[in-house]
Amino acid sequence: DTGVSQDPRHKITKRGQNVTFRCDPISEHNRLYWYRQTLGQGPEFLTYFQNEAQLEKSRLLSDRFSAERPKGSFSTLEIQRTEQGDSAMYLCASSEQGGAREKLFFGSGTQLSVL
Amino acid sequence: AQSVTQPDIHITVSEGASLELRCNYSYGATPYLFWYVQSPGQGLQLLLKYFSGDTLVQGIKGFEAEFKRSQSSFNLRKPSVHWSDAAEYFCAVGGTGGGNKLTFGTGTQLKVEL
């Protein structure tokens with residue numbers, strides 16, 4: 001069990017550029033979540049997948065954001081035409097499907113800075 | 001809509017002293033309640049979780065939390081704090097039907113004085 005892995009750890013980009021982040025969940029975990037955390041705030045739910053199906057998206061996820069999990073393993077989160085307000089830590093988590101006993105394992109996150 | 005309030009942004013305690021971090025939630029039904037800890041450069045780690053049964057929940061690292069429905073609270077406690085407990089602590093609430101789609105509080109930063 002190598003844990004949830006996120007790449008890159010840090011990303012600096014200019015406003016208007018597109019960025020893509022990757023998340024590798026714990027193997028055999030069929031649920032994968034994306035959260036966003038801004039400075040001084042708790043994480044906010046963005047979206048989650050069960051296997052390759054995207055089951056829910058937050059209203060926080062504007063049309064510039066898209067997430068995929070094509071083979072039910074790793075996931076990517078793309079932000080198009082980045083804005084300064086997108087600067088945040090993007091957290092990925094995975095879990096085994098399991099009702100009340102479901103437990104999330106978080107990665108260390110990707111810190112995005114939009115200049 | 002569900003929400004979580006952590007009224008203390010910063011707390012400082014001496015090593016060996018007891019700790020209580022406050023959490024109040026708003027949720028229309030029986031909630032799932034969580035406490036997570038986040039150290040610098042690290043991901044969130046689950047300390048404990050309440051979903052049913054005994055209202056006093058034991059977690060890892062010597063932490064416990066008590067669910068009080070009448071007060072809509074889920075306070076985290078530890079009888080004796082260690083310097084390694086210095087971190088940010090987040091309380092979260094989730095619904096019974098939505099997997100782990102969680103709503104987090106704004107966090108409490110714990111500082112431990114030696």
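Here is the naming used below: chain letters follow the sequence lines, and residue numbers restart at 1 for every chain.
B/Lys101 contributes atom NZ, which lies 10.0 Å from atom OG1 of A/Thr47 (distance to the nearest 0.5 angstrom). Here B/Leu102 contributes atom CG and A/Glu44 contributes atom CD; the two are 13.0 Å apart, rounded to the nearest 0.5 Å.
By the 4.5 Å heavy-atom criterion applied to side chains, A/Leu104 and B/Tyr36 are counted as neighbours.
Residues B/Val4 and B/Val37 share a hydrophobic cluster, clusters being chains of Ile/Leu/Val/Met/Phe/Trp/Tyr side chains in contact below 4.5 Å. At a threshold of 4.5 Å between side-chain heavy atoms, the hydrophobic network of Ile, Leu, Val, Met, Phe, Trp and Tyr places A/Met89 and A/Phe21 in two separate groups.
Contact annotation for A/Gln6: neither backbone nor side-chain heavy atoms come within less than 4.5 Å of a heavy atom of chain B. Contacts between B/Leu46 and chain A at a heavy-atom distance below 4.5 Å involve the side chain alone, from C-beta outward. Residue B/Gln6 does not touch chain A at all, counting heavy-atom pairs closer than 4.5 Å.
Highest contact tally toward chain B, considering only A/Ser108, A/Gly109, A/Cys92, is held by A/Ser108 [criterion: heavy-atom pairs under 4.5 Å].
Applying the side-chain contact (heavy atoms from CB on, under 4.5 Å) rule to A/Leu39 yields no partners; only residues at least two apart in sequence or on another chain are considered. Shown here are the side chain to side chain donor-acceptor pair (under 3.5 Å) partners of A/Ser95, two or more places apart in sequence or in another chain: A/Glu102.
The two atoms that bring B/Phe90 and A/Gln41 nearest to each other are CE2-O, 3.8 Å, heavy atoms only.
Within a 6.0 Å radius of CD in B/Gln58, other residues, nucleotides and ligands contribute more than 12 heavy atoms. Counting non-hydrogen atoms of neighbouring residues, nucleotides and ligands closer than 6.0 angstrom, the CZ atom of A/Arg64 exceeds 12 such neighbours.
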